[in-house]
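Below: the structure, in structure tokens.
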Amino acid sequence: MRVLLTGGSGFIGSHIALLLLEKGYDVLILDSFVNSSSKAINAIKAYLENKNLNYDLQTISGDIRDKKLLDKIFIDAAKKSNPIQAVLHLAGLKSVSDSLVNPLHYWDVNVCGTQNLLATMNENECYSIVFSSSATIYGLTDSVPISEDHKISPINPYGKTKVAIENMFYDLYRSNMKSWKICSLRYFNPVGAHPSGLIGEDPIGIPNNLFPYITQVAIGRRKFLNVFGDDWDTIDGSGVRDYIHIMDLSEGHINAIDYLCSKKSCFEIINLGSGKGYSVFQIISQFEQSTGSQIPFSIQCRRDGDVARCYADISKAKKFLGWTPKRSLEQICLDGWKWQRKNPNGYS
Ligand code: NAD
Ligand code: UFG
């Protein structure tokens, strides 16, 4: 089965690409490389070749907003009698802070880009899509665990674009309920790396997120970690989040494709998280214990837009996708550290 993977060179996309290829899917990656490196694709190829696996991977450098390019991709695939049967749509911009400074750019890339993709899929009668949504759309809530029917209340332009896209999916589904199969996956905090250490997260500049910041402190690229608040109403005063191993998250996408294949039509929104909450201090301590590294830290004020705790109710994923996360926090630390140790400066 041939799938189009947009954003397939990014952190999450590269892990999904590798898994899809290992499972025998034909994968066509479309990525503009605006926030990723083609070295991730080379690493995927090297891994598969090292394992003597046959694979079918095509990479196209381009933008999801380029309608002519999208048309060509679908038409060329059909001409080769190997049409695109499903799309995993990850391409987009994801920085909360950048979205506050450049909101129109986020609406253009995320929303207009997705509209462009959906229009092309519609014209080419490709009706199956799995989408990367985000827990950020639940906004400033403290009521955990968060299930999919929780109030939607995004507090930044990035989150608002994800909501707009989910609304667009719903309208499209309602317009042709016989054909469309749509699964929007709301990710919590994807972290860690492939166990080979060949691919992983490589943020450009200073990491915004906790886990890559910790690995960069451990490898010596940053002196210490800033802990944003030790006065939250949590187990130890630091913020609690739902960290999910990137390979568990990737497996969730395989289950989502299988789910779509088993349906005549559907529109589902499903949380993907570990279902557990860990505090910043718990993450530091687990990382130190698992890797033998030291993570010096400094307590800072609370960060704007943060909440005390956020973790998922993952019962819908279990029920609908037959999916449960398997990897522990220790595994997350070990794999994330392996990637950082093998690649102290990421892909560069
Ligand atoms: P990433 O930036 O590493 O990957 C996104 C990829 O999309 C990059 O390779 C980038 O070059 C590409 N891209 C961006 N704009 C594009 C465009 N116009 N056309 C084609 N390609 C384009 O981010 P990620 O962490 O891998 O996230 C993937 C998806 O998951 C995003 O949609 C993000 O919003 C969503 N998500 C991520 C997280 C997270 O914590 N990482 C959480 C929730 C949701
Ligand atoms: N934190 C620190 N120091 C840092 C970075 C983070 O103490 O340097 C703390 C935060 O205050 C928070 C926790 O670590 O308590 C996790 O923060 P992250 O930035 O790693 O993750 P968030 O939950 O804030 O946000 C992430 C993505 C969002 C996404 C959300 C839910 O950045 O885009 O997960 O999926 F929407």
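Both ligands and their constituent atoms are indexed starting at 1 by order of listing. As the structure is a computational prediction, the values presented were derived from the model and not from experiment. Excluded from the calculations below are hydrogen atoms, water molecules and symmetry mates; all remaining heavy atoms, backbone and side chain alike, are included.
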Next on the checklist: Tell me whether the rings of Y347 and W339 are parallel (<30°), tilted (30 to 60°) or perpendicular (>60°).
Outcome noted: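 Tilted.
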At what distance is the nearest protein heavy atom to [atom], and which residue and atom is it?
atom	result
atom 29 (C) of ligand 2	S134 OG, 3.6 Å
atom 23 (O) of ligand 2	R241 NE, 2.8 Å
atom 11 (O) of ligand 2	D306 OD2, 2.5 Å
atom 3 (N) of ligand 2	N226 O, 2.7 Å
atom 20 (O) of ligand 2	L210 N, 2.8 Å
atom 24 (O) of ligand 2	R303 NH2, 2.9 Å
atom 32 (O) of ligand 2	N209 ND2, 2.7 Å

Checklist entry - Non-hydrogen atoms of C310 versus ligand 2: any pair closer than 4.0 Å? => result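 Per 4.0 Å heavy-atom rule, C310 does not contact ligand 2.
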Next on the checklist: Tell me whether Y158 reaches ligand 2 (any heavy atom closer than 4.0 angstrom to a ligand atom).
Outcome noted: yes
Contact check, side chains of [X] and [Y], non-hydrogen atoms, under 4.5 Å:
X	Y	answer
Q85	Y25	no
S132	Y187	yes
N226	F297	no

Item to check | 4.0 Å protein heavy-atom contact status of atom 9 (C) of ligand 2, strictly under | outcome: yes
Hey, are [Y] and [X] close enough side-chain-wise for a donor-acceptor pair under 3.5 Å?
X	Y	answer
S184	E268	no
N176	S179	yes
D230	S238	no
H245	D335	yes
D202	N343	no
N271	Y138	yes
N110	T161	yes

Compile the donor-acceptor pairs under 3.5 Å between side chains in residues 1-12 and protein atoms, sequence neighbours left out, one pair per line.
| from | atom 1 | to | atom 2 | distance (Å) |
| --- | --- | --- | --- | --- |
| T6 | OG1 | H89 | ND1 | 2.7 |
| T6 | OG1 | L90 | N | 2.9 |
| T6 | OG1 | A91 | N | 3.0 |
| S9 | OG | S36 | OG | 2.9 |
| S9 | OG | S37 | O | 3.1 |

Checklist entry - Looking only at heavy atoms, is any part of V280 under 4.0 Å from ligand 2, and if so is it the side chain, the backbone, or both, or is it neither? => result side chain
Next on the checklist: Tell me the contacting part of F188 for ligand 2: side chain, backbone, both, or neither, using a 4.0 Å heavy-atom threshold, strictly below.
Outcome noted: backbone
Item to check | Shortest non-hydrogen contact between L260 and I182, atoms and distance | outcome: CD2-N, 4.0 Å
Next on the checklist: Side chain or backbone, does T136 bring an N or O within less than 3.5 Å of an N or O on ligand 2?
Outcome noted: no
Item to check | Polar atom proximity, F228 to ligand 2 (N or O, under 3.5 Å) | outcome: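 Yes, since at least one N or O of F228 sits under 3.5 Å from an N or O of ligand 2.
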Item to check | Closest to atom 16 (C) of ligand 2 (judged by heavy-atom distance), picking from Y138, W232, Y187, Y243 | outcome: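 Checking each option, the heavy atom nearest atom 16 (C) of ligand 2 is found in Y243.
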Checklist entry - Among N189, I137, V240, which one has a heavy atom closest to atom 21 (O) of ligand 2? => result N189
Next on the checklist: For F169 and F267, I'd like to know if the aromatic rings sit close, meaning centre-to-centre distance below 6.0 Å.
Outcome noted: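 Distance test on ring centres: not under 6.0 Å, no.
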Checklist outcome for this item: Counting only non-hydrogen atoms and a 4.0 Å cut-off, the residues near ligand 1 are G7, S9, G10, F11, I12, D31, S32, F33, V34, N35, S36, G62, D63, I64, L90, A91, G92, K94, V109, S132, S133, S134, Y158, K162, Y187, F188, P190
